[in-house]
**Q** 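Structure provided below as structure tokens; questions to follow.
In each ligand, atom 1 is the first atom listed, and ligand 1 is the first ligand listed.
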Amino acid sequence: DLTASTIARIKETEPQVEAFITVSEEKALTQAKALDLKGITEANVLAGIPIGIKDNIVTKDILTTAASKILSNFEPIYDATVMDKVYQADMIPVGKLNMDEFAMGGSSETSYFKKTKNAWDESKVPGGSSGGSAAAVAAGQIPVSLGSDTGGSIRQPAAFNGIVGMKPTYGRVSRFGLIAFASSLDQIGPLTRNVKDNALTLNAISGYDEKDGTSSGISVPDFTANLEKGVQGLKIGLPKEYLGEGVEPGVKAAIEKAAATFEKLGATVEEVSLPHSKYGVAVYYIIASSEASSNLQRFDGIRYGFRAEDVENLEDVYVKSRSEGFGTEVKRRIMLGTFSLSAGYYDAYFKKAGQVRTLIKQDFDKVFNDYDLIIGPASPTVAFGLGEKINDPVTMYMSDILTIPVNLAGLPGMSIPAGFSEGLPVGLQIIGKQFDEATMYQAAAAFE
Ligand code: GLN
């Protein structure tokens with residue numbers, strides 16, 4: 001019944017929200033029926049819960065497009081590891097969610113298929129790239145979704161829609177079956193309406209996977225264990241760079257209020273500094289685009305998806321399929337990445353970016369010697385208007401200035417609701433030590 005009513009609600013609300021690329025009705029109902037027969041045990045708290053999946057996570061026999069024309073007819077023959085885990089938990093995937101093409105963007109507007117709307121104001125973007133994952137949860141279509149975050153793509157849309165979004169530590173969740181954008185930055189994580197649901201879902205999808213060479217063998221704690229503990233005695237750093245230029249006054253005010261709340265709850269909040277974070281966006285667009293240019297080579301018109309017609313030779317297949325199959329933003333990144341990896345420029349761009357990445361990471365290490373957590377805004381602004389930034393890539397890129405350093409350092413980061421500015425939700429970002437998501441959830445639950 002829950003699966004059927006969820007699907008009915010998705011269909012009813014979809015004309016307004018436009019969050020789904022595919023609704024996998026038949027498969028979901030079959031799975032739900034089988035679960036009814038099998039029965040639900042008390043230990044399995046997630047059993048029967050409907051979940052939406054970002055469309056860059058491969059799902060066996062369910063269309064998986066990464067919101068690109070080049071994969072518009074791609075039905076994978078295997079499941080991503082996170083899907084295996086979702087099925088092991090007896091959660092019911094009900095469909096695939098809209099996103100920026102190949103997760104490149106911050107508004108979900110680069111999707112080949114549709115423009116998802118912000119759940120609070122349909123003239124605003126839902127954020128991105130996991131915009132469908134965030135809007136669907138915030139609009140009440142589904143209680144939980146999976147997204148991916150390479151430079152902010154879970155946290156920023158979670159912030160824009162007033163929900164909880166977690167990007168776990170790099171290596172915590174298997175990337176096997178996540179269509180690669182930038183392999184050294186990509187990480188899958190849950191989006192939910194509250195902290196507990198988020199922690200429960202992370203419990204289910206975490207853990208070592210031999211199919212992902214960068215997956216970590218570190219043990220997975222119960223992320224719900226500290227939810228009642230409060231923040232008494234925790235030391236929280238608030239980087240001065242995170243409330244600087246470009247951060248909207250209403251966002252700044254909400255974050256300062258959140259800091260005061262943490263103090264009232266018994267934590268200490270002090271100003272800290274991440275001096276190299278200002279280079280984050282520049283470093284990210286070199287590293288992420290370079291990795292993307294390599295990862296996206298496999299879309300050649302032969303192995304997967306779309307193939308151009310009226311071709312004369314093999315070269316023509318590649319050139320025409322890729323020219324017609326990729327959108328503008330994806331092409332921009334492939335060209336930028338190919339350039340910065342090319343022989344004459346490698347040292348000046350890619351290598352240099354790697355060096356500055358280390359400095360950014362060291363800034364965090366230094367702060368975490370003395371502090372348990374770092375807080376700040378997830379985004380310098382609240383949700384902006386549909387169409388407002390899509391033709392201005394650099395302005396769009398700057399909207400990830402506060403989330404990108406976390407990916408570059410491989411750290412966990414989350415966004416939780418922290419009030420409103422101009423009637424739109426503000427997201428409080430909480431950044432933790434490597435593999436210390438439990439303390440982040442602890443603080444998030446106390447704040448909630
Ligand atoms: N908005 C950033 C980009 O366009 C981040 C995207 C992401 O995290 N997938 O690359």
**Q** Taking the side chain from Glu291 and the backbone from Ser184, do they hold a donor-acceptor pair closer than 3.5 Å?
**A** yes
**Q** Would you say the side-chain atoms of Thr110 pair up with the backbone N or O of Glu101, donor to acceptor, closer than 3.5 Å?
**A** yes
**Q** Would you check if the side chain of Glu14 reaches a backbone N or O of Phe20 as a donor-acceptor pair within less than 3.5 Å?
**A** yes
**Q** Can Ser290 and Ser340 be counted as having a side-chain donor-acceptor contact under 3.5 angstrom?
**A** yes
**Q** A cation-pi test, strictly: NZ or CZ of Lys69 under 6.0 Å from the centre of the six-membered ring of Phe306 and no more than 45 degrees from its axis. Yes or no?
**A** yes
**Q** So, the side chain of Thr59 versus the backbone of Ile62: is there a donor-acceptor pair under 3.5 Å, distance only?
**A** yes
**Q** Mind jotting down which protein residues get a heavy-atom contact under 4.0 Å with ligand 1? Chain and number order, please.
**A** Ala103, Met104, Gly105, Gly106, Ser129, Asp149, Thr150, Gly151, Gly152, Ser153, Phe181, Tyr284, Tyr285, Arg333, Asp400
